[in-house]
Amino acid sequence: MKSIFDKVSFDCSKNVTRSYSTSFSSAVKMLSPRIRQDIYNIYGFVRFADEIVDTFHNYNKEELFDLFEKDLNNALRDKISLNPVLNSFQHTANQYNIPKELIDAFMKSMKQDLVKKEYSSLAEYNEYIYGSADVVGLMCLKVFVNNDDARYEELKGPAMRLGSAFQKINFLRDIKADTEELGRSYFPSLNLNEITDDIKQQIVQEIEADLAEGYRGILMLPVEAKFGVYTAYAYYKKLLKKLKATPSPEIKTRRIRVPNYQKFGLLAQCYLNYRFNFI
């Protein structure tokens with residue numbers, strides 16, 4: 001029965017989320033059970049695409065990515081795939097009418113990571129962030145609003161800004177690994193050795209503006225999604241605060257993290273804020 005295969009596929013996407021990101025997995029648990037699995041399905045898809053370009057160094061990445069993209073398009077068309085992660089994703093994409101242009105934009109940015117090492121202009125930087133992060137937020141938003149097109153359009157802008165904020169925080173946190181291990185520089189015309197406290201502050205201010213607009217959207221989200229998205233927002237805001245307080249020479253030499261004990265305290269505070277209608 002296909003229902004058994006679908007359950008196995010859903011379990012696979014859930015395990016991918018739990019294995020690759022404990023922080024995101026914790027935030028997903030705060031979503032309503034009605035939408036939780038669909039967010040696992042989206043994450044599994046974007047995670048696997050990202051892994052191909054970032055970690056499979058001993059394999060032909062271009063060949064693997066082309067095969068993955070072909071299987072993706074077939075899955076969306078045929079509404080089934082023998083790749084469990086793609087089978088899960090096509091289920092969510094078709095159920096919530098996720099626009100193909102969002103999926104294509106994501107795949108375009110991932111493909112860029114195979115060949116492009118430096119983003120020399122603001123236009124290139126923004127296009128990459130749109131494809132790698134903004135559209136993922138929009139895919140999730142399609143699930144959150146349950147095919148309510150009017151609400152989707154209302155929340156589209158804040159969802160994109162929140163996705164941008166999360167991605168830029170990742171860039172800042174991972175700048176050492178991106179530069180030294182992958183040879184990439186995402187911030188326009190800026191390499192690892194050029195980051196000073198003043199430049200870092202400019203980046204932080206840009207992210208803070210994105211987070212503020214994203215938070216405005218969180219306040220308008222359906223109740224099924226609000227607590228989970230707010231939890232993710234609070235985690236990234238905490239991480240940004242730590243990055244802001246860390247001298248730039250230290251960011252160049254190590255990956256800044258939020259310790260588990262702080263994550264647990266953050267989760268408790270998020271629950272209290274939500275429970276007493278502070279958000």
Side-chain angles (χ1 to χ4, degrees), residues 21 23-24 26-32 34-36 38-43 45-46 92-93 96-106 109 122-123 125-173 186 202-241 243-244 266-267 269-271 273-274 276-279:
S21 179
S23 299
F24 186 77
S26 296
V28 175
K29 289 178 184 177
M30 303 303 113
L31 298 171
S32 164
R34 180 187 70 78
I35 58 176
R36 199 177 297 161
D38 290 295
I39 304 306
Y40 287 138
N41 296 348
I42 292 172
Y43 182 87
F45 158 62
V46 301
T92 296
Y96 291 97
N97 299 310
I98 292 177
K100 184 62 161 53
E101 55 264 29
L102 298 183
I103 301 169
D104 290 343
F106 171 76
S109 282
L122 187 60
Y125 172 68
N126 288 334
E127 182 182 18
Y128 179 84
I129 289 178
Y130 172 76
S132 65
D134 295 6
V135 298
V136 179
L138 294 179
M139 291 181 204
C140 293
L141 182 60
K142 290 291 287 185
V143 175
F144 296 157
V145 302
N146 195 21
N147 283 323
D148 184 333
D149 291 339
R151 203 164 194 183
Y152 174 80
E153 290 299 325
E154 181 183 21
L155 293 170
K156 186 176 179 179
M160 292 171 62
R161 294 289 293 274
L162 193 63
S164 290
F166 290 176
Q167 183 68 296
K168 291 171 187 176
I169 292 170
N170 288 339
F171 287 164
L172 193 57
R173 177 197 62 189
Y186 291 108
Q202 292 174 15
I203 294 171
V204 167
Q205 288 176 352
E206 178 184 318
I207 296 170
E208 287 175 337
D210 286 334
L211 281 175
E213 182 63 14
Y215 181 73
R216 185 180 71 82
I218 291 172
L219 298 179
M220 297 186 288
L221 280 173
V223 65
E224 294 91 344
K226 184 181 288 187
F227 183 34
V229 180
Y230 175 67
T231 301
Y233 159 86
Y235 165 75
Y236 271 97
K237 189 173 183 180
K238 178 69 172 180
L239 179 55
L240 181 64
K241 184 178 181 180
L243 288 164
K244 185 176 182 178
L266 197 63
L267 180 60
Q269 186 62 55
C270 286
Y271 175 75
N273 289 344
Y274 178 76
F276 291 102
N277 296 317
F278 293 147
I279 60 167

Any chance you could measure [X], atom [atom1], to [Y], atom [atom2], to the nearest 0.5 Å?
X      : Y      : atom1 : atom2 : value
Leu138 : Leu162 : CG    : CG    : 11.0 Å
Thr92  : Ile98  : OG1   : CD1   : 6.5 Å
Ile103 : Met139 : CD1   : CE    : 5.5 Å
Ile207 : Lys237 : CD1   : NZ    : 13.5 Å
Leu219 : Leu221 : CG    : CG    : 8.5 Å
Cys270 : Tyr233 : SG    : OH    : 10.0 Å

Quick one: side chain to side chain contact (heavy atoms under 4.5 Å, CB included) partners of [X], sequence neighbours excluded?
X      : value
Glu127 : Lys108
Ser109 : Tyr128, Ser132
Lys238 : Val258, Gln262, Leu266
Lys244 : Gln201, Val204, Glu208

With sequence neighbours left out, write down each residue that passes side-chain hydrogen bond (donor to acceptor under 3.5 Å, both in side chains) with [X], or none if nothing qualifies.
X      : answer
Asp134 : Ser164
Tyr230 : Asn273
Tyr96  : Asp38
Asp104 : Lys100

Derivation of the side-chain contact (heavy atoms from CB on, under 4.5 Å) call for Ile218 and Lys226 | CA-CA 6 Å; Ile218 291 172; Lys226 184 181 288 187; 4.2 Å; yes
Would you please test Tyr130 and Leu102 for side-chain contact (heavy atoms from CB on, under 4.5 Å) and show each step?
-> CA-CA 9 Å; Tyr130 172 76; Leu102 298 183; 3.8 Å; yes
Heavy-atom check, side chain of Leu267 versus side chain of Met30, under 4.5 Å =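 When only atoms from C-beta onward are counted, Met30 and Leu267 do touch, with a gap below 4.5 Å.
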Under a 4.5 Å cut-off applied to non-hydrogen side-chain atoms, are Val145 and Glu154 in contact?
->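 Not touching, per the 4.5 Å side-chain cut-off.
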For the pair Asp149 and Lys142, find out whether any cationic side-chain nitrogen is under 4.0 Å from an anionic carboxylate oxygen.
->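 Salt bridge: yes.
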Could you check Glu206 against Gln202 for side-chain contact (heavy atoms from CB on, under 4.5 Å), going step by step and ending with a plain yes or no?
-> CA-CA 6 Å; Glu206 178 184 318; Gln202 292 174 15; over 6 Å; no
Val136, Leu239, Leu211, Ile129 screened by side-chain contact (heavy atoms from CB on, under 4.5 Å) with Phe166, the one that passes =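 So, applying the side-chain contact (heavy atoms from CB on, under 4.5 Å) to Phe166 and each of Val136, Leu239, Leu211, Ile129, only Leu211 qualifies.
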Can you name the ring-ring contact (aromatic ring centres under 6.0 Å, His included) partners of Tyr152, sequence neighbours left out?
->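 ring-ring contact (aromatic ring centres under 6.0 Å, His included) list for Tyr152, sorted by chain: empty.
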Results of ring-ring contact (aromatic ring centres under 6.0 Å, His included) for Tyr40 - residues two or more places apart only |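 Expected list: none.
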Shortest non-hydrogen contact from [X] to [Y]?
X      : Y      : answer
Leu31  : Gly228 : CD2-CA, 3.8 Å
Leu155 : Gly217 : CD2-O, 3.6 Å
Gly163 : Ala133 : O-CB, 3.3 Å

In sequence, state the C-alpha distance, the side-chain angles, and the governing distance for Ser26 and Tyr235, and then conclude on side-chain contact (heavy atoms from CB on, under 4.5 Å).
-> CA-CA 10 Å; Ser26 296; Tyr235 165 75; over 6 Å; no
Where does the angle between the aromatic ring planes of Phe171 and Tyr125 fall among parallel (under 30°), tilted (30 to 60°) and perpendicular (over 60°)?
->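 Judged by the thresholds at 30° and 60°, the geometry between Phe171 and Tyr125 is tilted.
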Arg151: salt bridge (Lys or Arg N to Asp or Glu O under 4.0 Å) partners, not counting sequence neighbours |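 Not a single residue meets the salt bridge (Lys or Arg N to Asp or Glu O under 4.0 Å) criterion with Arg151.
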So which pairs with a foot in residues 210-220 pass side chain to side chain donor-acceptor pair (under 3.5 Å), sequence neighbours left out?
->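 Sorted result for residues 210-220: Arg161-Asp210, Lys168-Asp210, Glu213-Arg216.
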